[in-house]
There are 2 protein chains.
Amino acid sequence: MRADAARNRAKVLDAARELFAEKGFDVPLDEIAGRAGVGPGTVYRHFPTKQALFQAVTEARVATMIASANEPSDDPGGALVAFLGRMAEEAAAKRDLSDAITVPSELRDSLHTALGGLLRRAQEVGAVRTDVTTRDLVALMKGMLQSMHEGANPAVLLEIVVSGLQSSRKP
Amino acid sequence: MRADAARNRAKVLDAARELFAEKGFDVPLDEIAGRAGVGPGTVYRHFPTKQALFQAVTEARVATMIASANEPSDDPGGALVAFLGRMAEEAAAKRDLSDAITVPSELRDSLHTALGGLLRRAQEVGAVRTDVTTRDLVALMKGMLQSMHEGANPAVLLEIVVSGLQSSRKP
DNA sequence: TGCCAACCGGGGCGTGCGTTCCGTATCGTC
DNA sequence: GACGATACGGAACGCACGCCCCGGTTGGCA
């Protein structure tokens, strides 16, 4: 790879990181190219599609989260709560995480699977009501994360969801 | 107003009702015109903008909900829960309600205000934790309603949110 | 230093949508 | 039954966006 190509690739990644974090996946690709100081064609030379660029930007961070979710714990209930807290914290600062849950990709699927595992283990020790499905949890998270970009209080929302999950099933 | 004009207006409203309920606000206006058996121009003869049509369709139903939210109750906690339940039920069947909360309009503002009133009264009798703001509640509802169109279990989600709202504030 | 391959930039294409315009058809009245 | 106002329909416009192409440029090796 030529030196200027590597330089431009890095500039594109930097700009994409900033803008995806700031405005989410919906930011126009031309805007990313503009901030990187290159043309749109250059972006497509390095990444075949917009989603590929998004994935390249979020991959490392999300993979770390997934790994931490998958490592065993002697307190599965606490592990789930901690994980949700970490996601809330992250989503409050950067807008791309909430899109990483939504935009179709292998990464998204792994994240859902990891959440499912956390949920199942928490349910097995009785820390979370058993009628909640992975799908329900993902939906809740999605709503919660998106809400954080509209002025809602992350901590309060998180507490509500967590204590809701822990509540016993209605008779 | 000419007879055919009235007929077409009704056909447009019917088609819009169906399609907004089925696919939400994002349904293309041409599709509404198509189902109504008229051209797009005809739609614009009766409604100045797509949002106006949306408002005309949702106005009656949402206004009813707002009215029921605003009438006094001797059990403010139960009133809030009942209202949330009614919204969840409605949103599970029709996709337009979740958009009515989001799409800017006077109707949306009234709905937010009504929710705020319900929340405040429930908090005054100690039925709901006091650190929840109207904004938080709206965010929660928004997330919950949108989740219902993705296979989540409405009843479970509602229970989680309700018991989360009722939980005492963390120390 | 010269040459070729790699790369760049941005103009342009295709698509989908909300909205508008205007020639034509239809309604209701005289 | 004819005429004017009213309404219709759909082609067309403007816009925004993802994506591609090509003439020009630049980098690195011989």
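Each chain gets a letter, A, B and so on, in the order its sequence line appears, and its residues count up from 1. From a predicted model like this one, the values you see are computed outputs, not experimental measurements.
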Colleague: How close or far is atom P of D:dC13 from atom CG of B:Asp30, stated in whole angstroms?
Modeller: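 Between P of D:dC13 and CG of B:Asp30: 16 Å.
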Colleague: Pick out the pairs of N or O atoms, protein on one side and nucleotides 6-8 of chain C on the other, that lie under 3.5 Å.
Modeller:
residue	atom	partner	partner atom	Å
C:dA6	N3	A:Arg2	NH1	2.7
C:dC8	OP1	A:Asn8	ND2	2.8

Colleague: Rounded to whole angstroms, how far apart are CZ on B:Phe47 and P on C:dT20?
Modeller: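 Answer to the nearest Å: 15 Å.
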Colleague: Under the salt bridge (charged side-chain N to carboxylate O under 4.0 Å, His left out) rule, collect the residues that match up with B:Glu59, sequence neighbours excluded.
Modeller: none
Colleague: Reading DNA chain C from 5' onward, which residue's closest nucleotide shows up sooner: B:Pro48 or B:Pro28?
Modeller: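 Of the two residues, B:Pro28 wins.
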Colleague: How many Å lie between CD1 on A:Ile32 and C1' on D:dG18, as a whole number?
Modeller: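 After rounding, the reported distance stands at 12 Å.
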Colleague: Measure CZ/B:Phe25 against C1'/C:dC17 and give the value in whole Å, please.
Modeller: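 Checked: the CZ to C1' distance equals 11 Å.
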Colleague: Nearest-Å distance, CG (A:Leu29) to P (C:dG9)?
Modeller: 14 Å
Colleague: With the threshold set at 4.0 Å, does a side-chain nitrogen-carboxylate oxygen contact exist between A:Asp4 and A:Arg7?
Modeller: no
Colleague: Report the distance from atom CG of A:Leu53 to atom C1' of D:dG18, rounded to the nearest whole Å.
Modeller: 13 Å
Colleague: Looking at B:Arg108, I want to see if its CZ is surrounded by more than 12 non-hydrogen atoms of other residues, nucleotides or ligands under 6.0 Å.
Modeller: yes
Colleague: Using a cut-off of strictly less than 4.0 Å, decide whether A:Tyr44 has a side-chain nitrogen or oxygen near OP1 or OP2 of D:dC20.
Modeller: no
Colleague: I need the full list of side-chain hydrogen bond (donor to acceptor under 3.5 Å, both in side chains) pairs touching residues 38-50 of chain A, with sequence neighbours left out, sorted by first then second residue.
Modeller: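 Not a single pair qualifies under side-chain hydrogen bond (donor to acceptor under 3.5 Å, both in side chains).
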Colleague: Out of D:dC19, C:dG18, D:dG27, which has the shortest distance to the side chain of A:Arg7?
Modeller: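 For A:Arg7, the side-chain atoms sit closest to D:dG27.
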Colleague: Just checking B:Ala3: base, sugar-phosphate only, or nothing, at a heavy-atom cut-off of under 4.0 Å?
Modeller: sugar-phosphate
Colleague: Looking at C:dG18, I'd like to know if its phosphate oxygens (OP1 or OP2) sit under 4.0 Å from a side-chain N or O belonging to B:Thr49.
Modeller: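 For C:dG18, OP1/OP2 do not have a side-chain N/O of B:Thr49 under 4.0 Å.
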Colleague: Please list, in numerical order, the residues of residues 11-19 of chain A that have a heavy atom closer than 4.0 Å to any atom of DNA chain D.
Modeller: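 Heavy-atom cutoff 4.0 Å gives no residues at all.
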Colleague: Enumerate the residue pairs fulfilling ring pair (Phe, Tyr, Trp, His ring centres under 6.0 Å) with a member in residues 49-85 of chain A, sequence neighbours excluded, ordered by first and then second residue.
Modeller: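 Residue pairs with at least one partner in residues 49-85 of chain A: A:Phe20-A:Phe54, A:Phe25-A:Phe54.
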Colleague: Do B:Leu165 and B:Leu137 touch side chain to side chain, with heavy atoms closer than 4.5 Å?
Modeller: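 Yes, side chains in contact.
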Colleague: Between A:Asp26 and A:Gly41, who's closer to the 5' end of DNA chain D by nearest nucleotide?
Modeller: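 Of the two residues, A:Asp26 wins.
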Colleague: Is the shortest side-chain N to carboxylate O distance from A:Asp96 to A:Lys94 below 4.0 Å?
Modeller: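 No, no charged N to carboxylate O under 4.0 Å.
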Colleague: With a 4.5 Å limit on heavy-atom distance, are the side chains of A:Met144 and A:Leu84 in contact?
Modeller: no
Colleague: For residues 71-91 of chain B, pull every pair meeting salt bridge (charged side-chain N to carboxylate O under 4.0 Å, His left out), keeping only residues two or more places apart or in separate chains.
Modeller: B:Arg61-B:Glu90
